[in-house]
Amino acid sequence: MKLNFANIEQEVKKLWAVKNIYRVENKSDKPKYYVLEMFPYPSGAGLHVGHPLGYIASDIYARYKRHKGFNVLHPMGYDAFGLPAEQYAIETGQHPAVTTEKNIARYREQLDKIGLSYDWSREFKTSDPKYYKWTQWIFLQIFNSWYNPETNKAEHISTLISKFETIGCSIKNQKSKIENSFSAAEWKSFSEKQQADILMQFRLAYLADAEVNWCEALGTVLANDEVVNGVSERGGHPVVKKKMRQWFLRITEYADRLLQGLETLDWSEPMKEMQRNWIGRSEGASIRFDLTPTLSKGEGAIQSPSNTEPYGYETTDAKTFEALKPIARELRKNQTETEEIIWEAVRNNQLGFKIRRQHAIEKFIVDFVCIEKKLVIEIDGEVHLKQKEEDAIRTEALNLAGFKVIRFTNEEVKNNLQVVIQKIKTALQSEATTPSPLERGQGVRSNEAGTSFNLSNGVRSVEVFTTRPDTIFGCSFMVVAPENDLVNQITTAEQKAEIEKYVAYVKSRSDLERMAEKKITGCFTGAFALHPFTQKPLPIYVSEYVLNGYGTGAIMAVPAGDSRDYAFATHFEIDKPNIFEGIDIAEKCYEEKTATLCNSDFLNGMDYKTATQKILQEIKAKNIGQRKINFRMRDAGFSRQRYWGEPFPIYYENGIAKTLPENELPLALPHVASYSPGPEGQGPLANIKEWTDKNLETNTMPGYAGSSWYFLRYMSPQEDKAFVNEEAMKYWGAVDFYNGGSEHAVGHLLYSRMWTKVLHDLGFINFDEPFKKMVNQGMIQGISMMVRNIPSISFDGGIYNPDSNKVENIISVFIDKGFLEKLPVDDILIHIPIDFAEFNGGKYYLTKEKLQELKNTHPRFGNVNFLTKEICSKLGIEAFEISEDKVELLPVVEKMSKSKYNVVNPDDMIAQYGADTFRMYEMFLGPIELSKPWDTKGIEGVSRFLRKFWNLFFTEDKLTLSDAEPTNEELKILHQTIKKIDADIQKLAYNTCVSQFMICVNELQAMKCNKRSILEPLLVLLNPFAPFITEYLWKEIGNKNSVIDAPFPTHDEKYLVENSFSYPIAINGKTRINMEFALDADAKDIETTVLADATIQKFMEGKPMKKFIFVKGRMINVVV
RNA sequence: GCCCGGGUGGCGGAAUUGGUAGACGCAGCAGACUCAAAAUCUGCCGUUCGCAAGGAUGUGCUGGUUCGAUUCCAGUCCCGGGCACCA
């Protein structure tokens, strides 16, 4: 009978459906096993052949585990919120819910064809309100928690509040993010807003300012993906960094636990390594370097009376403040009409910054001030001369105190409030800021993090983080990150212009560009700091190689011990003091930790360890720093100014973020008329009146919100009382086997680990790592066909005519490589659809016929032609031999994507070859963890294999199985195969499994084996790979149950024993001949026999034998 | 730039982790069957010298360790992924 896979698939699918074979119960006598693969984002392009790679791999494992007697949970769902659906909505006006639904239906249809053993009754999508109700609910739990450093876990915020109510808050004892300690009594005296602001500094989900990609022209925030070369992908408009109020998850509190937790996980070492590097724990010290007196003017800092901390944000001294307080209060009650207008427009962080009114600064009470931005806003009354003079003095004094002053008249405010607010906004954005916790580097453990300074006295010192405090005597300069606020404050008048130029240059560059920059760039600020031990002045530079988000955003540069510092010092001709005994640093620096220190005062003669201990003691004693653990990881931004995501169950009341009651969840996404951004660049929700009337949060959650906990939902997808049913959670526990692309190695995995830990800390689940075993699949890449095109004769342009110096004729020209040198232009490579390429003699071509077809079917290529003699002459190039029939294409291996026209659809493969062949071929391509290009050509081999396998069961059109006793040879190949398949499935080496199946079937075919005792176990072995054909044959040969419930065969070594081995015999490592010896033969006898052999004698060329190497069962080597 | 992974025939890859490099498959070549084609089967198939027997050479590149290196070490080049708002 001929193998008809289409019929078989039909029939087997029916059988599966009738018996509901993949339905999994939440209880069983069998041990549980949870297999999960990263669920897909349902894109409009449908699945391509790369997606199923991981699904098939997991499916094989899930089926294998089931054969091995486990109750296997193997679910699938959709990560359905995301940017592409929204972009599509913007372009076409179709609601993302509609397109997503359509895409999901298509995905499901495609997935169903592959024969995956999913329990589809557990399917869900993250964009379903029934699902995101619980995403919102979990967010509320995170919002309502803080990280208690004493218990080292998350706790409900109420435990923090009761602490404040009973003992207050001491920054010495707490890992506090706030500037000042307060007593219990003070806490109780704070307003609701003040209390809320303080609690916000502790919540695991909190609001803070962060920079976003802002595109003024589009009036919207752009994802990194949408920014190309500094301009928006859509339209090519400029993109700048802009601060916005955003939600964050305080994942940094979990840094240590995320790091330690890795040790307990069965993940590949590179994966763990990537996470370790992302978390980036480093031990070192924070050290304060005082600035030279010329800058701080020696005025000294105001100290808080209770401790040695400076008053971070105090704007005047205590005495003056007390004196001015009643006046300020009075003034607030009696605001002028104009002041009232402004106040209404700026209060409650409306402009993204806290603005205070009638506030004491130095000896003045100013109308409005943004302390954070050091900006004073004054409203001028009637203008007369005396007033003008007074205002000038006031402005100067405020300027001296470090404040910028902007003034508006009553008329301006009344007549054109918009303009006034815009001016304030501009001023707020351009002015210096005090570092927010974010800018200071969230990973910083100590409350003394950040560059410290005092408002009324200017900057006092620069604080650095270093991992090598032992090298401090090698420090010859300092570097501050360009975006660090310190820059504005310490730069001298002479250097101001140059620094501004440099900072502007850096701002125009993306982070990636900055990081990838090889060239050394930087600029001197004019300021100097004092070396804390030698008192030598150290010049302070600004350079892009110092990142503001890491450590304190400032470093002590040690050229002798750090390559970037070394390169910088060389470039700017800065002194490079050598501090390593016996090491020459004339050519390059020394980054190892093994040298002895010299030229280092009290550290001389010490090694790394001793010196580090010593210097830490010294800086502690001098009170200029301390040991510190720093993390590279930052808190996770959790807001998106988008529509298609989970709405936050948050509303605002008097500027305080408040939670919606649980019974109002889910807060459903409302329908919107358009997907354009809100008036201030907020998400589209800001355009809905009913939404803003309720003061609901207008941001939505990011893509990873839903995927951070989805693995829990599969356990009890219908549960409506909780995010997961407790019993189900206890039964299934953590995922045993998780599979997904390595491109998710950090982001998704870290966030879901964090969520799991939070849920665990709060007592909702009884495990704190989500994925016990993690497997990364490589990508299936596409082969793209690139054609060379000349840009000066481009799609949108025309032919450049040197005579008229104009571009004429709209035409595009594809050329061959050979013409390149002859043409006075550069080419660019353009993708053309892969199905238009013709393969001939090892090369790919685009023929004239195919070009015509391309032009007809793809309007984008409508104007394309091959280079002709005519065009050459128009370009003023001498005509040369041109083939006007075809051009050579350049095959390039890259990501499969619609825009690259290189997508291969699994449906086509399955229609042509069948699902089993498709599954096996995907596995046959190579190890799953490696990326490899898809090439349909090889699929024939697997297809042939399955036909051969099928034919073992049939003679002519009849199923003919024999019940005869198997021969030893037959048993041997069967048991070899069982052994290999069992071992290789566990190793996930599926490609070698397929090879072994082929070897096995080739041998059985040669033996003409049709014995049930051989073929029946083979059906079970092959089932995980080819579920359709095996299920069908299993039934055909008379079994009642599904093959999936048959136990996995076990191999018996007795069929595999060999008693002799053909040894390769090498002379000096070069294999010359093979000789057969019994495996139990005596080594001495073998040696005698080998040496007596004529061929061996010939190759030994009469030289005496030095050594005889005999490895039993492997090889023999004669050394002469 | 930094972190992770990978470079083996024309192509995908294998090699029991230091022991016969190229299993298995694709493509190619030759043959059988056939009126013919498809399908199927058999043989050959890294490069190079040689009619052959056989020899030399060969796992990105340069060195090192070893009786022996695709495998271990040092350096270097190239490709892929990630770098915090694509998913």
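First the proteins, then the strands, lettered A, B, ... as listed; each starts at 1. The shown structure was predicted, so the numbers you read here are calculated from the model rather than taken from an experiment.
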Counting the atoms with a prime plus P, OP1 and OP2 as sugar-phosphate, which does A:K948 contact under 4.0 Å by heavy atoms, base, sugar-phosphate, or nothing? sugar-phosphate
Distance flag, aromatic centroids of A:Y643 and A:Y675, threshold under 6.0 Å: yes
May I ask you to check whether A:W755 and A:Y710 place their ring centres under 6.0 Å from each other? no
Given the P atoms of B:A21 and B:G68, what is the spacing between them in whole Å? 14 Å
Please work out whether B:G60 sits syn or anti, treating a glycosidic angle within 90° of 0 as syn. anti
Quick one: label A:K1070 by what it contacts on the DNA or RNA (base, sugar-phosphate, nothing), any heavy atom closer than 4.0 Å. sugar-phosphate
Of all the nucleotides listed (B:C83, B:C86, B:C85), which has the minimum atom distance to the side chain of A:L83? B:C86
Atom-pair distance (CD1 on A:I279; C1' on B:A84), nearest Å: 13 Å
Are A:R642 and A:E226 within salt-bridge range, i.e. N to O under 4.0 Å? yes
Give the intermediate values and the outcome of salt bridge (Lys or Arg N to Asp or Glu O under 4.0 Å) for residues A:R276 and A:E269. CA-CA 10 Å; A:R276 282 189 204 110; A:E269 204 39 54; 3.0 Å; yes
Please report the distance separating the P of B:G60 from the corresponding atom of B:G50, rounded so that it comes out in whole Å. 29 Å
Given B:A87, B:G5, B:C85, identify the nucleotide with an atom nearest to the side chain of A:P270. B:G5
Do A:Y1063 and A:F1110 have ring centres separated by under 6.0 Å? yes
Rounded off to whole Å, could you give me the CD-to-C1' distance for the A:E940 and B:U40 pair? 13 Å
Go ahead and name the base partner of B:G63; Watson-Crick or wobble counts if both distances stay under 3.5 Å, otherwise write none. B:C73
Spacing of A:K987 atom NZ relative to B:A15 atom C1', expressed in whole Å: 11 Å
Watson-Crick or G-U wobble partner for B:G18, using a 3.5 Å limit on both distances? none
B:C3 base / A:E273 side chain donor-acceptor hit below 3.5 Å: no
Integer-rounded Å distance: B:C83 P and A:R632 CZ: 11 Å
Would B:U17 be called syn or anti, given that syn covers angles within 90° of 0? syn
Got a second to check how far A:H744's NE2 is from A:S707's OG, nearest 0.5 Å? 9.0 Å
How long is the line joining CH2 of A:W278 and C1' of B:G5, in whole Å? 17 Å
Sugar-phosphate, base or nothing in reach of A:M271, heavy atoms under 4.0 Å: nothing
Does the ring center of A:F997 lie less than 6.0 Å from the ring center of A:F1025? yes
Using atom CE of A:M920 as one end and atom C1' of B:G13 as the other, report the distance to the nearest whole Å. 16 Å
Please produce a list of atom pairs where a protein N or O lies less than 3.5 Å from an N or O of nucleotides 17-24 of chain B.
unit_1, atom_1, unit_2, atom_2, d
B:A23, N1, A:S995, OG, 3.4

Atom CG of A:N1068 and atom P of B:A69: how far apart are they, to the nearest Å? 11 Å
Contact class for A:G82 (heavy atom, under 4.0 Å): base, sugar-phosphate, or nothing? sugar-phosphate
What residues, two or more places apart in sequence or in another chain, satisfy ring pair (Phe, Tyr, Trp, His ring centres under 6.0 Å) together with A:F568? A:F477, A:Y541, A:Y545, A:F572
Mate of B:G31 across any strand shown (Watson-Crick or G-U wobble, both atom pairs under 3.5 Å) is B:C41
If you round to the nearest 0.5 Å, how far is CE of A:M779 from CD of A:E743? 6.0 Å
Please say whether more than 12 non-hydrogen atoms of neighbouring residues, nucleotides or ligands are located less than 6.0 Å from CZ in A:R245. yes
Using the P atoms only, state how far B:U70 lies from B:C4, rounded to an integer number of Å. 26 Å
Looking at A:F1077, I'd like to know if its CZ atom is crowded, meaning that more than 12 non-hydrogen atoms belonging to other residues, nucleotides or ligands lie closer than 6.0 Å. yes
Contact class for A:H748 (heavy atom, under 4.0 Å): base, sugar-phosphate, or nothing? nothing
If only side-chain N and O atoms of A:R640 are considered, is one of them under 4.0 Å from the OP1 or OP2 phosphate oxygen of B:C85? yes
Over all strands shown, is A:R276 touching base, sugar-phosphate only, or nothing at heavy-atom distances under 4.0 angstrom? nothing
Taking the P atom in each of B:C73 and B:C24, what is the distance between them to the nearest angstrom? 31 Å
Report which part of the nucleic acid A:R947 touches: base, sugar-phosphate, or nothing (heavy-atom distance under 4.0 Å, all strands). sugar-phosphate
Who pairs with B:G80 - Watson-Crick or G-U, where each distance is under 3.5 Å: B:C4
Gap in Å between the two C1' atoms, one belonging to B:U62 and one to B:C78, rounded: 15 Å
What contact category does A:V212 fall into here, base, sugar-phosphate, or nothing, at under 4.0 angstrom with non-hydrogen atoms? base
Which nucleotide wins on minimum distance to the side chain of A:K937, given the candidates B:C26, B:G82, B:A39? B:C26
Mind checking if A:Q781 touches a base, just sugar-phosphate, or nothing, with heavy atoms under 4.0 Å? sugar-phosphate
Are the ring centres of A:Y78 and A:F39 closer than 6.0 Å? no
Calculate the interatomic distance between A:M779 atom CE and B:G82 atom C1'; express it in whole Å. 10 Å
By the 4.0 Å heavy-atom rule, please label A:P933 as base, sugar-phosphate, or nothing. nothing
For A:S43, answer base if it contacts any base atom (sugar-phosphate contacts may also be present), sugar-phosphate if it contacts only those atoms, and nothing otherwise; contact means non-hydrogen atoms under 4.0 Å. nothing
Would you tabulate the pairs of protein nitrogen or oxygen atoms and nucleotide nitrogen or oxygen atoms of nucleotides 42-45 of chain B closer than 3.5 angstrom?
none

Take atom P in B:A69 and the same atom in B:U20, then report the distance between them in whole Å. 11 Å
What about the rings of A:Y704 and A:F638, do their centers lie closer together than 6.0 Å? yes
Of the listed B:C86, B:C67, B:G5, the closest approach to the A:L930 side chain comes from B:G5
Is the NZ or CZ atom of A:R753 positioned over A:W267's six-membered ring, under 6.0 angstrom from the centre and within 45° of the axis? yes
Using a 4.0 Å heavy-atom cut-off across all strands, classify A:P702 as base, sugar-phosphate, or nothing. nothing
With the side chain of A:R944 defined as its heavy atoms from C-beta on, choose the nearest nucleotide among B:C86, B:G81, B:U40. B:U40
B:G12 and B:U17, which share atom name P, separated by this distance in whole Å: 26 Å
My understanding is that a pair needs two contacts under 3.5 Å, Watson-Crick or G-U wobble. By that rule, which nucleotide pairs with B:U47? B:A56
